[in-house]
Amino acid sequence: MQPAGGRAFFRKPGDDSAQGSTWKEERSDASADSSATSFVYNPWKHYSLDQQRQRLPIYQYRNSILYLLAKFQTVVIVGETGSGKTTQIPQYLLESGWTKTGRIGITQPRRVAAITVAQRVAEERGAPLGREVGYVVRFDDCTSSETNIKFITDGILVREMMADPLLKQYSVLMLDEAHERSIATDIAMGLLKKILRKRPDLKVIISSATLDAEALRDFFDMSHSNTSTTITKNNNEEPTSTILTVEGRTFPVDVYYLKDPVPNYVTATVDTVVKIHKAEPLGDVLVFLTGVEEVDHACGLLDEHSDALEAETHNKLLVVPLYGALPPGDQLKAFEMPPARTRKVVIATNIAETSITINGIVYVVDAGFVKIKAFNPESGVDSLIIVPTSKASAEQRAGRAGRVRSGKAYRMYTEEAYKELEDASVPEMQRTSLAPVLLQLKALGIDNVLRFNFPAPPPATHVVQGLELLYGLGAIDDNGKLTEPLGLHMAELPLSPMLARMLLGAAEFHCIEEALTIAAMLQLENVFVRPGRGEQKVNAERARRKFSVLEGDHITLLNIYTAFVKCGKSSQWCRQNFLHYKGLCRAVDIRKQLEKHLIRMKIPHTNNNLEPQMEGALYDIDNIRRCIVAGFFANAAYLHPSGTYRTVRNDHELHIHPASVLYAEKPPPWVVFNEVLQTNQEFMRDVTAIESHWLYELAPHYYQYGTEGEVRNPRS
DNA sequence: GAGCACTGC
């Protein structure tokens with residue numbers, strides 16, 4: 001963790017004055033930081049931008065990077081936090097002439113990171129954003145023909161590969177944060193490997209963490225061609241990829257383990273925070289737990305202790321929860337500087353590991369677990385499961401304590417347990433539904449997906465399940481080829497395959513406008529504002545019921561959207577009705593984007609402007625529900641005499657999610673659902689009541705009429 | 001009676 005060479009430069013905060021006062025100063029200093037890799041802490045702000053650039057640890061590697069990139073086609077750069085690699089490397093490349101033959105592209109897994117880093121680099125170059133330095137994220141293209149340094153999300157890169165399979169606009173591509181192994185990064189790496197063979201002039205920089213650097217170098221090394229296909233390029237023995245390790249600018253973090261395992265990591269973290277508050281000098285604490293329930297529980301326990309602790313230590317304890325579902329205003333509390341003689345304790349989910357950086361953290365308490373999504377290809381069900389973190393994750397969490405001064409990390413497990421942890425987390429590619437990935441690969445011309453060179457090959461069962469679903473939806477034919485135009489159009493829409501199928505079939509049911517709205521609304525996580533307790537909770541529930549209809553959640557979402565448009569997209573109206581204003585605005589954006597796609601695809605577009613109306617009186621609801629079934633027929637369930645639901649496909653037991661409008665109603669005999677999420681039980685989320693005969697009318701290839709007048713799956 | 005985190009020409 002500790003930088004060796006860089007430390008001579010390094011002035012610790014507080015070296016030249018009293019600890020207390022400088023310490024506050026530096027926190028406010030870094031308040032602009034909002035991403036993992038941008039500037040966390042800048043003690044050099046009184047220097048010119050050029051001087052600041054030269055003081056970054058990466059600067060001493062400038063020539064090595066340029067040399068290695070001339071000699072190798074792929075360079076894996078292992079850079080620690082705060083090295084400055086994300087902002088500096090693109091500029092080194094620009095300064096040494098790499099933009100004469102093409103752009104420099106840098107991918108980020110998150111949009112905020114792409115935007116904020118582009119802003120910083122533009123500032124360093126003294127140019128307005130969108131000219132020499134620009135960015136592209138979904139819904140937001142801030143580039144021009146002059147743009148030489150282009151920051152994009154990795155999802156955009158994959159989309160760009162569809163339009164331009166050889167990525168001719170770029171001379172150098174840098175995949176930043178590749179160790180996070182997002183689906184899009186993995187697809188991009190698999191495709192880049194192919195592109196590199198055809199474009200010997202293209203250079204690739206992979207920025208990653210220590211643990212998987214060698215695997216990635218070997219993945220991109222073409223000297224020992226490990227595939228059966230003949231490779232004409234580079235048949236000599238020289239490796240084409242290499243690793244460069246770059247030190248970062250972080251402070252040492254002392255790591256403490258438990259002597260013995262504990263039965264309950266939530267109470268153990270609470271006890272540890274109490275001990276820190278009693279024994280350690282002031283400095284904020286960041287606690288990592290797995291979910292909302294645990295965070296709230298821990299906050300409650302600490303609040304119980306806080307009065308006694310204040311009496312004992314004369315320092316206050318300020319406990320702040322932090323998780324994604326928290327309203328933005330509440331999230332901000334985690335970033336606020338605590339008042340004097342107060343220790344802030346932020347109790348967070350995994351959101352604080354990479355997505356959000358909180359300044360001023362000195363102590364980290366790591367429960368050692370994380371909640372992840374895992375996909376079961378047999379049932380097609382996603383589950384949320386709690387698993388131990390990886391070593392890489394544990395290091396990342398501990399590192400959060402060493403950004404302003406040397407810190408301490410307390411792990412709620414033994415050192416032996418640490419040694420047992422996996423090196424890195426399972427890449428997303430190996431634990432999610434593959435249908436969307438396979439559809440994209442097919443659209444990119446990769447027909448034999450089983451032989452595609454994934455950096456982390458997914459299990460074969462997942463591939464088979466994904467192909468079956470795509471076939472059922474009509475996106476691929478008997479030979480596994482993408483159908484035209486349906487399959488191609490499905491791949492081009494930024495929607496899940498089932499939702500894309502629903503939208504593309506909407507013309508048949510004369511409900512394109514409504515299908516667009518439903519597809520857009522399903523992209524939002526939180527439509528309803530849900531106050532925790534008290535009178536407001538009752539009011540929120542009452543407000544929600546105004547929009548609810550017996551047909552289910554899809555039509556309810558449609559009602560909300562049309563009412564939102566009818567009231568003039570008023571934020572006040574949203575507050576009165578306990579709806580997320582920003583979310584609904586986002587739905588408007590997404591809907592526009594989807595509509596543009598349909599127009600481009602020349603999907604017959606009914607221009608009868610939908611008159612927004614409550615109660616859905618103007619819609620032909622049955623046609624809309626048929627349209628939903630045409631996309632979601634594979635997600636059908638019936639009410640079993642036991643009172644629970646069973647999937648039509650394989651009698652898998654399911655429940656209506658409590659957040660569904662159908663939860664409190666008389667359960668309809670037949671439903672389709674958007675997705676299943678397993679927590680304590682398997683819950684259908686976003687449910688719509690249907691007529692059983694629609695299934696065999698609309699998906700005869702998938703269902704047939706059974707002898708007892710029931711729909712049966714031909715396979716069962 | 002329930003909600004890890006991201007993202008898309």
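Here is how names work: the chains are called A, B, and so on, in the same order as the sequence lines, proteins then strands, and each is numbered from 1. Keep in mind that the numbers below use all heavy atoms, side chains included, and drop hydrogens, waters and symmetry copies.
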* **Geometric class of the A/Phe369/A/Tyr265 ring pair [parallel <30°, tilted 30-60°, perpendicular >60°]** => parallel
* What pairs with A/Tyr561 under ring pair (Phe, Tyr, Trp, His ring centres under 6.0 Å), at least two apart in sequence or on another chain? -> none
* Structure fact -> Between A/Arg600 and A/Gln678, the residue closer to the 5' end of DNA chain B by nearest nucleotide is A/Gln678
* **Closest-nucleotide 5' rank along DNA chain B - winner of A/Lys373 and A/Glu525** => A/Lys373
* To do: Please work out if A/Glu293 contacts a base, only the sugar-phosphate, or nothing of the nucleic acid, heavy-atom cut-off 4.0 Å.
  => nothing
* Asked: What is the 5' to 3' range of DNA chain B, first to last nucleotide, that sits under 4.0 Å from any heavy atom of chain A?
  -> B/dG1 to B/dC9
* Measure the acute angle between the ring planes of A/His462 and A/Phe375, then classify it against the limits of 30° and 60° as parallel, tilted or perpendicular. => perpendicular
* **Results of side chain to side chain contact (heavy atoms under 4.5 Å, CB included) for A/Glu492 - residues two or more places apart only** => A/Leu488, A/His489, A/Arg600, A/Met601
* Describe the nucleic acid contact of A/Val370 in one word from base, sugar-phosphate, nothing, applying a heavy-atom distance below 4.0 Å. => nothing
* To do: Give A/Leu384 one of three labels, base, sugar-phosphate or nothing, depending on what nucleic acid heavy atoms sit under 4.0 Å from its own.
  => base
* Quick one: list whatever passes salt bridge (Lys or Arg N to Asp or Glu O under 4.0 Å) with A/Glu541, sequence neighbours left out. => A/Arg544, A/Arg545
* To do: Looking at every strand, decide which applies to A/Leu495 at a 4.0 Å heavy-atom threshold: base, sugar-phosphate, or nothing.
  => base
* Structure fact -> Sorted by chain and residue number, the side chain to side chain contact (heavy atoms under 4.5 Å, CB included) partners of A/Arg646 (sequence neighbours excluded) come out as A/Tyr638, A/His640, A/Ser642, A/Thr644, A/Asp651, A/Glu653
* Asked: Does any residue of residues 156-170 of chain A have a heavy atom under 4.0 Å from DNA chain B, and if so, which ones, in number order?
  -> A/Ile156, A/Arg159, A/Ala163
* With a non-hydrogen cut-off below 4.0 angstrom, is A/Glu492 in contact with a base, only sugar-phosphate, or nothing? -> base
* Partners passing salt bridge (Lys or Arg N to Asp or Glu O under 4.0 Å) against A/Asp366 (at least two apart in sequence or in another chain) -> A/Arg397
* Assign A/Ser182 to base, sugar-phosphate, or nothing according to its heavy-atom contacts below 4.0 angstrom with the strands shown. => nothing
* Structure fact -> By ring pair (Phe, Tyr, Trp, His ring centres under 6.0 Å), A/Tyr170 pairs with (sequence neighbours left out) none
* Asked: Reckon A/Ile386 touches a base, only the sugar-phosphate, or nothing at all at heavy-atom distances under 4.0 Å?
  -> nothing
* Asked: With sequence neighbours excluded, what pairs up with A/Glu160 under the salt bridge (Lys or Arg N to Asp or Glu O under 4.0 Å) test?
  -> A/Lys150
